[in-house]
Amino acid sequence: MTKGQKDNLFLLVKSLNKSEKRQFKLYVGRLDVNADSKFLNLFNLLDKAKSYNETAILKSGIVKKQQLANVKAHLYKQILISLKLNPSHQNIRSQIREQLDFASILYHKGLYKQSLKILDKAKDVAIINEEKNLAFEIVELEKIIEAQYITRSINTRADELTIQAKELSSLNVIASKLSNLSLQLYSIILKTGYVKSEEESKQVTAYFKARLPKYKIKNFGFREKLWLYNAYLWYSFLLQDFKNCFKYASKWVDLFHEHPTMIKLNPVSYLKGNNYLLESVFFIRNKPKFLDILSNLKLKVEDKSFPKDENVQALTFLYYNLHDINKHFIDGSFKDGLELIPKIEKELTQYKNKIDDHHKMIFYYKFASLHFGAGNNKECIIYLDKIISNRSLSMREDLLCFSRVLNLVAHYEAGLDYHLDTLLRSTYKFLIKMNELHEVQKEMIKFIKGLQDIYPHELKNAFKELHATLKQYEDHPFERRAFLYLDIISWLESKINNTPVDTVIQTKYLKNYGS
């Protein structure tokens, strides 16, 4: 095994709760021969260890170096088998798969009628629960058995299975095409962010239309509709069409409410749908609706009937906290939002193996933005540095770029002028490299570079000139994306009126949305 795989074993052991550890020991202890086995002794050692240390394992004498890879592989497999047997990890898919395995065993033993009986029941369960890939697999096995052992009129049965296989295959193909399209659009936004030009917009639209399969929605079940809404949602996000984002995220969530049993079967998709619904409402800046959706989501998730495995818990942590922060950006209540940072940072450590670098950097950018909005510029710079210095981050080029732009502004606000020349040069080079030097960024860099030659009494006019220049881009279909990451307009208005930036945003919010 490679070093990475060894670490994976250690992470798997550490992910087990007390009940799972107890079941594992009962499972391997069912055979006396395992009582003092190498893999069980290794499990006990890893369970007690605080970190993975191969040298310590070899020094313990549990296993020789040349045996270690095989013992670790065996332990990994035994843990997974034990977990598979745990009722908490059994769901509809695993139950259908188990019945399919039973039917296959009966078929190979020549008990065809018993096998077909199990398959018929499993197929009904699969179709009811939108597990159409499994349903198709079951039909294919039914066809094999029927071709060998005729249980009823072959003509009727042959037609029935052929039609069923064709219908399931057709829906599976469409679902696959839609899920592929959705995944590709998601990867684009992760890599580059929102479209930056008319040319990119046309490319994304052409890409979307070319890969969107022809369909009749009346023929769609839950699964096909879910992937359809997913694809349209990511297409709308890429184009910064937040009204359509709201439309398709609403359809996504409503689909679950129309089929409530699917929430328990697909809790991750339900959480994701609500997350995107909250994001779209956040960009529309409707705080009452935002708070209402967030409150309803929390009530649903905290209900006893809602599944609560480790994956769901990690996503719940992620979405709750991102949107608890976002609500403070809507109305400029940055100082209130600062109270969330210590709590989230502590929990980020607890979820370090379940939250990817991409989402950690989003948290850091939001922490930085909260501090910037509250006037804590040096604290803002600390969090931005965590993003800028992360050499392994290859996603969200737009996040990396705007972190540098905000870093420039924060250094200026903090009075750290001695760093400004170096930062200006590095930021300019980075934006050129990433093809991110658009009009708003150009004007910001030009302005900050020129600040060093402006007398104090000329500052206000300089801010006014930049404000007038940038204001024209506020509703521009592509340039406005800059304002999604940094409310430069409000910052300039705060400088012009000598008012804290959070006060400016709060005043705007009350004027536009307040009672």
Side-chain angles (χ1 to χ4, degrees), residues 282 285 287 320-349 359-390 393 396 398-424 426-427 440-441 444-445 447-448 451-452 456 459-460 463 466-467 470 482-510:
F282 166 69
R285 292 292 191 265
K287 189 166 185 178
Y320 276 13
N321 286 298
L322 283 174
H323 294 301
D324 276 338
I325 291 174
N326 280 345
K327 69 187 179 188
H328 296 290
F329 285 104
I330 296 176
D331 62 0
S333 54
F334 302 113
K335 290 185 177 71
D336 293 338
L338 292 177
E339 296 176 5
L340 296 169
I341 295 177
K343 168 184 166 289
I344 295 174
E345 282 193 303
K346 185 178 178 181
E347 291 178 344
L348 267 174
T349 304
H359 283 104
K360 286 177 187 174
M361 295 306 113
I362 290 178
F363 272 120
Y364 290 149
Y365 189 82
K366 289 188 179 293
F367 294 164
S369 299
L370 281 173
H371 277 297
F372 180 77
N376 306 329
N377 295 291
K378 289 183 179 178
E379 288 82 355
C380 169
I381 292 167
I382 290 170
Y383 285 108
L384 291 174
D385 188 58
K386 291 177 185 287
I387 304 170
I388 294 167
S389 62
N390 189 327
L393 195 68
R396 289 303 292 265
D398 53 348
L399 184 66
L400 295 172
C401 294
F402 284 103
S403 293
R404 282 164 170 76
V405 175
L406 178 54
N407 195 40
L408 280 177
V409 179
H411 271 80
Y412 167 73
E413 283 287 71
L416 302 174
D417 297 349
Y418 52 90
H419 281 310
L420 223 47
D421 280 340
T422 305
L423 285 174
L424 280 162
S426 65
T427 302
V440 173
Q441 291 94 311
M444 286 296 297
I445 288 177
F447 173 76
I448 292 173
L451 282 175
Q452 299 167 84
L459 268 177
K460 184 169 283 192
F463 282 121
L466 180 61
H467 181 270
L470 296 186
F483 306 117
L484 298 176
Y485 296 91
L486 174 61
D487 192 347
I488 303 166
I489 300 292
S490 293
W491 173 68
L492 290 170
E493 289 170 358
S494 78
K495 304 305 290 181
I496 293 166
N497 300 316
N498 197 27
T499 307
V501 68
D502 56 347
T503 303
V504 172
I505 295 172
Q506 287 166 21
T507 302
K508 282 184 181 179
Y509 175 78
L510 289 172

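Heavy atoms only: backbone and side chains are in, while hydrogens, waters and symmetry mates are out. Quick caveat, the model's predicted, so the values are computed rather than measured.
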Just verifying a value: how many Å separate [X] [atom1] and [Y] [atom2], rounded to the nearest 0.5 Å?
X: Met444; Y: Leu406; atom1: CE; atom2: CG; answer: 9.0 Å
X: Leu370; Y: Leu338; atom1: CG; atom2: CG; answer: 5.5 Å
X: Leu348; Y: Lys343; atom1: CG; atom2: NZ; answer: 10.0 Å
X: His323; Y: Phe329; atom1: NE2; atom2: CZ; answer: 13.0 Å
X: Leu423; Y: Tyr412; atom1: CG; atom2: OH; answer: 15.0 Å

Report yes or no: is the cationic atom of Arg404 (NZ for Lys, CZ for Arg) closer than 6.0 Å to the six-membered ring centre of Phe402, at no more than 45° off its axis?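 No, Arg404 does not lie over the aromatic ring of Phe402.
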Determine, for Phe447 and Lys495, whether the Lys NZ or Arg CZ falls below 6.0 Å from the six-membered ring centre while staying within 45 degrees of the axis. no
State, yes or no, whether a side-chain contact exists between [X] and [Y] at a heavy-atom distance under 4.5 Å.
X: Lys366; Y: Phe363; value: no
X: Asn321; Y: Leu340; value: no
X: Phe334; Y: Asn376; value: no
X: Ile382; Y: His371; value: no
X: Asn390; Y: Leu400; value: no

[X] side chain vs [Y] backbone, donor-acceptor pair below 3.5 Å:
X: His411; Y: Asn407; value: yes
X: Gln506; Y: Gly332; value: yes
X: Ser403; Y: Cys401; value: no

Who are the side chain to side chain donor-acceptor pair (under 3.5 Å) partners of Ser494, not counting sequence neighbours? none
Not counting sequence neighbours, which residues clear side chain to side chain donor-acceptor pair (under 3.5 Å) with Lys360? List them please. none
What is the minimum heavy-atom distance between [X] and [Y], and which atoms define it?
X: Asp502; Y: Gly373; value: CB-O, 3.5 Å
X: Ile505; Y: Asp331; value: CG2-C, 4.0 Å
X: Gly337; Y: His328; value: CA-CD2, 3.5 Å
X: Asp487; Y: Ser490; value: OD2-OG, 2.8 Å
X: Ile448; Y: Leu424; value: CG2-CD2, 4.1 Å
X: Tyr509; Y: Lys287; value: OH-CB, 3.0 Å

Applying the ring-ring contact (aromatic ring centres under 6.0 Å, His included) test to Tyr383, which of Tyr365, Phe367, Phe372 qualifies? Phe367
Quick one: do Ile445 and Val405 satisfy side chain to side chain contact (heavy atoms under 4.5 Å, CB included)? Show the steps, please. CA-CA 8 Å; Ile445 288 177; Val405 175; 5.9 Å; no
Kindly determine whether Asn326 and Ile330 satisfy side chain to side chain contact (heavy atoms under 4.5 Å, CB included), including the steps that lead there. CA-CA 7 Å; Asn326 280 345; Ile330 296 176; 5.7 Å; no
Does the salt bridge (charged side-chain N to carboxylate O under 4.0 Å, His left out) test come out yes or no for Lys378 and Glu413, once each step is laid out? CA-CA 9 Å; Lys378 289 183 179 178; Glu413 283 287 71; over 6 Å; no
Residues in salt bridge (charged side-chain N to carboxylate O under 4.0 Å, His left out) with Glu493, at least two apart? Lys508
